[in-house]
Structures are given as structure tokens and as C-alpha cells.
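Take a look at the structure set out below.
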Amino acid sequence: MGLRKVVALLLALAAGPVAGCGLLTSETASGFMPQAGVCHQAPGDNASGEAYRPVDCTERHEAETFLVSRFAGPDAESDGPPVTGSDAALRAWSSCATATREFLGGDWVVGRLSLRLVLPTTEGWAAAERWYRCDLVEIVALDLYEPSPRANSLKGALSSPSSPLRHGCYNATFGRDDELTALPPASCTGPHRTEFAGIWWADDVPYGEEIRSDEMTDGCYGVIARYVGLADDEEVRRRLRSLILPPTDEDLAAGDTSVLCLLHTDGRPLTRSLAGVGVRRLPPRR
């Protein structure tokens with residue numbers, strides 16, 4: 001895929017989750033229950049017992065299962081696996097998103113990661129399988145949104161502020177009509193024009209509705225103002241551009257409401273991060 005869909009670029013379940021390397025033990029008609037603490041050669045692999053061939057996370061892989069849990073109550077009573085956008089699927093995806101913080105040492109959205117919810121097949125559901133699986137996938141870059149193979153676990157991968165997986169600084173390039181075309185990474189202590197400032201959450205947008213560009217712009221300027229250490233965004237708007245990276249259509253449908261906010265200057269390259277610098281160290285007014 002291309003950029004993370006450039007513009008300009010739910011509740012915890014009643015059943016307790018089980019993480020780590022252990023196998024969830026629960027009697028189902030099929031007898032199949034996936035494991036946490038294992039990896040997979042490709043995202044979405046091994047959703048059925050017949051195809052289940054996980055690999056050790058020290059082997060080459062593209063996805064890692066960090067949590068397996070079960071649907072309970074009404075969520076477990078449907079005739080087939082929960083469909084994308086259903087209350088059951090949204091609750092499961094939300095429980096996966098919450099669990100990433102403990103597993104990674106930070107929220108998955110601040111890193112080059114994609115969160116995937118894997119469900120039983122239709123045949124597995126009919127055989128009384130009620131599990132769901134939470135997988136993480138490292139992506140190559142914000143401007144190359146595809147899996148990056150690795151050969152070790154992601155556990156604790158975001159615990160350090162200097163983790164190479166965390167979003168950082170870039171040198172954004174633009175094409176015709178000022179469209180963002182690429183985000184090559186750069187050192188935050190070397191020449192750069194673009195920085196990741198944080199996340200604006202579009203939680204107030206009703207599910208299924210498009211997140212409006214003006215809402216994202218206003219939200220991200222607020223995020224950038226807090227990042228640079230200002231109380232409001234008026235001065236920020238005069239000095240910096242806001243680059244907005246909303247969720248992909250697939251992630252938005254799954255329940256992701258995170259909008260990545262980056263600041264950008266068209267003036268002289270920055271040679272240090274603008275985090276907390278205040279108004280005096282911002283670029284001149286545009």
C-alpha cells in the first residue's frame with residue numbers, strides 16, 4: 001500500500017484475557033484454541049485449526065500474537081463470527097488495543113505498528129470456537145505501509161523513548177497540489193523539517209462516518225501546540241504546518257480512531273526537536 005491514507009496525506013470484555021506463552025484451555029467442539037506468545041509468517045495466517053502453523057518468534061515472521069481471549073455473553077451467541085463493525089468485533093478490537101500498552105510498553109499507535117484482530121473461521125465458529133486473537137505487525141514506514149519481517153518479539157518494543165519503532169522526525173516531500181508524497185525518516189538532532197507531535201483521537205465521530213478534514217486539522221493543531229509547549233494553537237498556526245495521517249479505511253472500520261499529527265516547517269531545516277521549546281524557538285511566522 002501507499003501512505004497511511006494521506007489527507008492534505010470498547011469496553012473490556014467480561015471474559016478475562018490471557019496473554020503470554022500459555023495455551024488457553026477451553027473445551028470447544030473443534031478442540032482448537034490458538035496460543036499467545038507465538039508468531040506467524042504472514043498477517044492473518046493460521047485462523048483455522050487445520051492451517052495453524054505458528055512459528056517461534058526468533059524465526060522470520062510478519063505477525064505476533066500477544067493476546068488470546070474469548071467472546072462471552074451475547075457476543076458469543078451469534079450465528080457466525082462477528083463481522084467488522086459489529087459491537088462484538090469493536091469490543092474485541094478495543095480490548096486488543098488496550099492490551100498493547102502493557103505488552104509493548106506504550107500505545108501501539110505511537111510506533112510503526114499495525115494491530116490486527118483475527119477471528120475463527122465460519123466453520124470454526126459453527127464448531128463452537130469463541131476465541132479471538134490479537135496480533136501486531138511491524139510496518140516498514142509511514143510511507144510504505146506493509147509488513148516488515150523481523151526475527152524477535154515485540155514485547156517491550158516501545159518501552160524506551162528512543163525505540164527505533166517510535167514515530168520521530170522526517171523530511172516530508174510534496175508533489176503537485178501540495179500532496180504529501182513521502183516521509184523519509186531523519187534524525188531529530190540533524191537537519192529535518194517534520195516531526196511526529198502526537199495523536200488526536202476522533203472518538204466523538206460516530207462509527208461509520210468519515211472523519212472530517214477540518215476536525216482533524218483543528219485537533220492536530222491542538223496536539224502540536226501541546227507538543228511544543230504552548231497553551232493554544234494560534235501562534236502555532238502562524239509558524240508551522242500540520243500534516244495529518246488518519247487511519248486507513250481498514251483500521252477505521254476495525255475501530256481505530258487515531259489520527260497521527262505531524263508538524264512541518266517549510267523554512268530552514270530544524271536541527272533539534274521542537275518538543276517543549278516554547279514560542280521563542282519556533283520557526284518565524286510564515
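Keep in mind the model is a prediction, meaning the values are calculated, not measured. The figures here come from the full heavy-atom set of this structure, side chains too, leaving out hydrogens, waters and symmetry mates. Throughout, residue positions are numbered sequentially from 1 according to the sequence presented.
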**Q.** Check against side chain to side chain contact (heavy atoms under 4.5 Å, CB included), W131 and S69
**A.** CA-CA 6 Å; W131 55 266; S69 191; over 6 Å; no
Q.
Quick check for you: to the nearest 0.5 Å, what is the distance between R193 atom CZ and L240 atom CG?
A. 13.0 Å
Q) In terms of hydrophobic clusters joined by side-chain contacts under 4.5 Å, are L270 and Y227 together? A) yes
Q: Go through the steps for D107 and I199 under the test side chain to side chain contact (heavy atoms under 4.5 Å, CB included), then give the verdict.
A: CA-CA 10 Å; D107 201 319; I199 303 291; over 6 Å; no
Q.
Quick check on the hydrophobic clustering: are V223 and L282 connected, directly or via other members, by side-chain heavy-atom contacts under 4.5 Å?
A. no
Q. Can you find a heavy atom in the side chain of L113 that is under 4.5 Å from one in the side chain of L158?
A. yes
Q.
To the nearest 0.5 Å, what is the distance between CD on E179 and OG1 on T181?
A. 7.5 Å
Q: Verify, without hydrogens or angle tests, whether N171 (side chain) and P184 (backbone) share a donor-acceptor contact under 3.5 angstrom.
A: no
**Q.** Test applied, side-chain hydrogen bond (donor to acceptor under 3.5 Å, both in side chains); reference residue, R237; option that passes from T217, D218, D232
**A.** D218
Q) If Ile, Leu, Val, Met, Phe, Trp and Tyr residues are connected whenever their side-chain heavy atoms lie under 4.5 Å apart, and connections chain through other members, are V110 and L183 in the same group? A) yes
Q) Shortest non-hydrogen contact from V236 to A225? A) CG2-CA, 3.8 Å
Q: Taking R60 for its side chain and Q41 for its backbone only, find out whether a donor-acceptor pair lies under 3.5 Å.
A: no
Q | Nearest heavy-atom neighbours spanning A172 and T194 | A | N-OG1, 3.2 Å
Q: Under the side chain to side chain contact (heavy atoms under 4.5 Å, CB included) rule, what do E129 and M33 come out as? Steps first, then yes or no, please.
A: CA-CA 8 Å; E129 293 177 20; M33 179 76 76; over 6 Å; no
Q: Kindly work out whether a path of hydrophobic side-chain contacts (I/L/V/M/F/W/Y, heavy atoms less than 4.5 Å apart) joins L252 to V259.
A: yes
Q: Measure from the side-chain N and O atoms of R281 to the backbone N and O of L274, and report whether any donor-acceptor pair falls under 3.5 Å.
A: no
Q.
Please check: side-chain N/O of S148 versus main-chain N/O of E138, any donor-acceptor pairing under 3.5 Å?
A. no
Q.
When you measure from the side chain of S242 to the backbone of C220, do you find a donor-acceptor pair of N or O atoms at a distance under 3.5 Å?
A. no
Q: Taking the side chain as every heavy atom from C-beta outward, state whether E59 and C39 have any pair of such atoms under 4.5 Å apart.
A: no
**Q.** Whether T100 side chain and A97 backbone form a donor-acceptor pair below 3.5 Å
**A.** yes
Q: Side-chain contact test, heavy atoms from C-beta onward, threshold under 4.5 Å: evaluate it for P120 versus F32 and give yes or no.
A: no
Q: Please check if the side chain of W125 supplies one atom and the backbone of S78 the other of a donor-acceptor pair under 3.5 Å.
A: yes
Q.
Determine whether a donor-acceptor pair (N or O, by modelled atom type, separation under 3.5 Å) exists between the side chain of D256 and the backbone of S258.
A. yes
Q: Would you sort out whether Y52 and Q35 count as a side chain to side chain contact (heavy atoms under 4.5 Å, CB included), showing the intermediate values?
A: CA-CA 10 Å; Y52 194 64; Q35 292 176 283; 3.7 Å; yes
**Q.** Inter-residue atom distance D135.CG - L67.CG, 0.5 Å rounding
**A.** 10.0 Å
Q: Please name the pair of heavy atoms, one in I211 and one in P247, separated by the smallest distance, quoted to 0.1 Å.
A: CD1-CD, 4.3 Å
**Q.** Shortest non-hydrogen contact between A63 and P43, atoms and distance
**A.** CB-CA, 3.9 Å
**Q.** Any R53 side-chain heavy atom under 4.5 Å of V55 side chain
**A.** no
(Q) Is it true that, when you exclude D203 itself, more than 12 heavy atoms of the residues, nucleotides or ligands shown sit nearer than 6.0 Å to its CG? (A) yes
Q. Hey, do the aromatic rings of W108 and F66 have their centres closer than 6.0 Å?
A. no
Q: Would you mind reporting whether L245 and Y145 have side-chain heavy atoms less than 4.5 Å apart?
A: no
(Q) I want to check a possible cation-pi pair here: R241 against F174, using under 6.0 Å from ring centre and within 45° of the ring axis as the test. (A) yes
(Q) Looking at P283, is its backbone amide N or carbonyl O close enough to the side chain of R239 to form a donor-acceptor pair, meaning the two atoms are under 3.5 Å apart? (A) yes
Q | Distance, nearest 0.5 Å, that separates CG of L90 from OH of Y207 | A | 5.5 Å
**Q.** Heavy-atom check, side chain of R133 versus side chain of N46, under 4.5 Å
**A.** yes
(Q) To the nearest 0.5 Å, what is the distance between CZ on F196 and CG on L243? (A) 12.5 Å
Q) Can you tell me if Y132 uses its side chain to pair, donor with acceptor, with the backbone of C96 under 3.5 Å? A) no
Q: Could you pull out the closest heavy-atom pair between V68 and T65, with the gap in Å?
A: CG2-CG2, 3.8 Å
Q. If you round to the nearest 0.5 Å, how far is SG of C134 from CG of L117?
A. 6.5 Å
Q.
Could you report the tightest heavy-atom contact between A157 and S163, atom names first, then the distance?
A. O-OG, 2.6 Å
Q: Kindly work out whether a path of hydrophobic side-chain contacts (I/L/V/M/F/W/Y, heavy atoms less than 4.5 Å apart) joins L180 to Y221.
A: no
Q. Does atom CG of D214 have more than 12 heavy-atom neighbours from other groups under 6.0 Å away?
A. yes
Q: Would you mind checking if D75 and R70 are paired as a salt bridge, meaning a charged N to carboxylate O distance below 4.0 Å?
A: no
Q.
I'd like to know if the side chain of H61 pairs up with that of E64 as donor and acceptor (distance under 3.5 Å, no hydrogens or angles considered).
A. no
Q: State, with a plain yes or no, whether a side-chain heavy atom of F71 is found less than 4.5 Å away from one of P81.
A: no
Q: With the side chain counted from C-beta on, respond yes when H40 and V118 share a heavy-atom pair under 4.5 Å apart, and no when they do not.
A: no
